[in-house]
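Atom set for the values below is all heavy atoms of this structure, side chains included, hydrogens, waters and symmetry mates excluded. Note on naming: letters A, B, ... go to the chains in the order of the sequence lines (proteins, then strands), and numbering restarts at 1 for each one.
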There are 2 protein chains.
Amino acid sequence: MKPVRSIAIIGYGHVGRAFVSFFQLKGVEEIVLVVRKTITGALDNIDESVKVIWNLEELKGVDLVLVCVRDEAVAEVISLLPDHIPIAYTSGSIQLDELSKTHQLGVFYPLQSFAGISQKDVAEIPILIEARNEEMMNLLSDFASQYFRRVEAISSTQRAKLHVAAVMVNNFTNHLFSLAHDWAETNKLDFSLLLPLIQETVRKINHHSPESVQTGPAIRGDKEVVQRHLAQLEGRTKELYKLFSESIAERYSSKN
Amino acid sequence: MKPVRSIAIIGYGHVGRAFVSFFQLKGVEEIVLVVRKTITGALDNIDESVKVIWNLEELKGVDLVLVCVRDEAVAEVISLLPDHIPIAYTSGSIQLDELSKTHQLGVFYPLQSFAGISQKDVAEIPILIEARNEEMMNLLSDFASQYFRRVEAISSTQRAKLHVAAVMVNNFTNHLFSLAHDWAETNKLDFSLLLPLIQETVRKINHHSPESVQTGPAIRGDKEVVQRHLAQLEGRTKELYKLFSESIAERYSSKN
């Protein structure tokens, strides 16, 4: 296949939006953005160089299509595309085997959560690729390596397992921050006091295993503090506090 | 009281160790380190300028004592100190009211988790202070402001509430990282692939509320992916995955 000079991006959610801005900035020669008919406004941040179309049938003559739609829509979108164009989808969850075998199909999975992402961080996203044949693998690998720092081939099975870990470290971590944010607001505490602690929590695991830097009342076996905290909490926050404390206490007591 | 030129640090756990190195580096004129008799080795990173003693009774003539021992030992250590020396303890959990009223007592609470902390980040730690009288408050405020970027007065009640939030955003977040690390190891995945995602998770909340950047299967109401993930997990990780997914789904469905 020829090197990728023109791409189409289907979908204008968090991923599609970030990719359009990023590839625009990186000077990809031709970008076609395909959006649903219902999206007419909200196409901000788009240069005139990006061609916007509202109909999949109008799509032709690009070197690679990146499908950035919701998981439920991926199979259908692919089925509507011509089968001679190389296509890659960006979902962490969908197995390559589940999809059309008549298309030139591959996976272009950015391991990142795109809501609120900063433009300059897009190139740092690990891109995990997969394809059914060498030709498609080379195309994806060459294209991804041009723009992203870390590109790795990974099977559907491994990608699905990585997605579980991604949900834990991003979605759940962020939800903990939301619950702490609520707690701070309820108690008239300035949430920003916690930011250096949060930053340090993450900085440490660049150099240490998370296990080796665990601290707090649960690992110390300080049941009094744990009980005092639980007594102040309620609802899901209380359930999570309890479950975390048990999980931490068990993990480290069995190592002593 | 006179300005603080000499300090004693009692205890050589994570906090005591970080403070000795930090104040040494900052050129505090005189530092006395008080450690238990059982600690003889492991006194690394200590300049000759630091005087080490193994007996509380030998302690005299410093301008401020920082008590950096475990919560259970704080009251006892204070009771053994002469009552004319200003003393501050570093615990997030202990109320000032619970302790000796005959001493010049205050709180010097560093809102940080010290295991594995980098030396250059110590000055970024918010220091939350409390004292029974204005004189002691001024002493702590002047001393802390000399070395730390953010110093705030906060009551025992508010400090205890902040400690709950600190446990959530540090101890629990780090435990999530440990569980994800286990999961990656079990499945022969490179944990470092997750680091850009983790860093971005934290970077975002410097500029956005955590709630506004929540993503993932639970907030999308994607029960199929949640079930597929749960089917692969077991033990505490599975329980936590389930509870988080419920908590996230409830929170956002009630807002739609």
Under the 3.5 angstrom rule, does the side chain of A:K204 hit a backbone N or O of B:A115 as a donor-acceptor pair?
yes
Checking A:L179 against chain B: side chain, backbone, both or neither under 4.5 Å from a heavy atom?
both
If you count heavy-atom pairs within less than 4.5 Å of chain B, which of A:D222, A:V225, A:L193, A:L194 leads?
A:L193
To the nearest 0.5 Å, atom CD of B:E130 lies from atom CG of B:L105 at 9.5 Å
Donor-acceptor pair between B:T215 and A:H14 side chains, under 3.5 angstrom:
no
By residue number, those in residues 88-97 of chain A with heavy atoms under 4.5 Å from heavy atoms of chain B are A:S93
Sort A:T186 into side chain, backbone, both or neither according to what part of it lies under 4.5 angstrom from a heavy atom of chain B.
neither
Among A:E124, A:M168, A:E224, A:R70, residue most engaged with chain B (heavy-atom pairs, under 4.5 Å)
A:M168
Identify the heavy atoms of A:N187 and B:Q158 that sit nearest to each other, and give their distance.
O-NE2, 3.0 Å
Under 4.5 Å heavy-atom distance to chain B, tell me which part of A:Q232 shows up: side chain, backbone, both or neither.
side chain
Highest number of heavy-atom pairs under 4.5 Å with chain B among A:P196, A:S209, A:S245 belongs to A:P196
Looking at chain B, which one of A:I125, A:D190, A:T237, A:L128 has the largest number of heavy-atom pairs inside 4.5 Å, strictly under?
A:D190
So, the side chain of B:S247 versus the backbone of B:L243: is there a donor-acceptor pair under 3.5 Å, distance only?
no
For a quick check under 3.5 Å, do A:N170 and B:E200 share a side-chain donor-acceptor pair by atom type?
no
Does the salt bridge (charged side-chain N to carboxylate O under 4.0 Å, His left out) test come out yes or no for A:R236 and A:E239, once each step is laid out?
CA-CA 5 Å; A:R236 292 301 188 185; A:E239 288 179 60; 3.2 Å; yes
Members of residues 141-157 of chain B whose heavy atoms come closer than 4.5 Å to chain A:
B:R150, B:E152, B:I154
Residues, nucleotides or ligands: over 12 heavy atoms within 6.0 Å of A:K238 NZ:
yes
Which atom pair, heavy atoms only, marks the closest approach of A:L140 to A:G106?
CD1-CA, 4.0 Å
Calculate, to the nearest 0.5 Å, the distance between atoms OG and CD1 belonging to B:S113 and A:I198 respectively.
12.5 Å
Shorter than 4.5 Å, heavy atoms on both sides: which option in B:K188, B:E246, B:E72, B:R203 has the most such pairs with chain A?
B:R203
Residue set satisfying side-chain contact (heavy atoms from CB on, under 4.5 Å) with A:L25, at least two apart, ordered chain then number -> A:Q119
Are A:F172 and B:F172 an aromatic pair by the rule of ring centers under 6.0 Å?
no
Please determine, by modelled atom types, if B:T201 and A:T173 share a side-chain donor-acceptor pair under 3.5 angstrom.
no
Is there a side-chain contact between A:V167 and B:F244 (heavy atoms, below 4.5 Å)?
no
Count the heavy-atom pairs under 4.5 Å between each of A:A166, A:A184, A:A160 and chain B, then report the option with the highest count.
A:A166
Please list all pairs meeting ring pair (Phe, Tyr, Trp, His ring centres under 6.0 Å) that have one or both residues in residues 189-220 of chain A, counting only residues at least two apart or in different chains.
A:H181-A:F191
Most contacts with chain B, counted as non-hydrogen pairs under 4.5 angstrom, among A:G216, A:A180, A:G116:
A:G116
Mind checking the CG-CG spacing from B:L240 to B:L176? Nearest 0.5 Å is all I need.
6.5 Å
B:L195 versus chain A, the contacting section by heavy-atom distance below 4.5 Å
side chain
What part of B:V213 gets closer than 4.5 Å to chain A, counting heavy atoms only: side chain, backbone, both or neither?
both
Under 4.5 Å heavy-atom distance to chain A, tell me which part of B:Q112 shows up: side chain, backbone, both or neither.
both
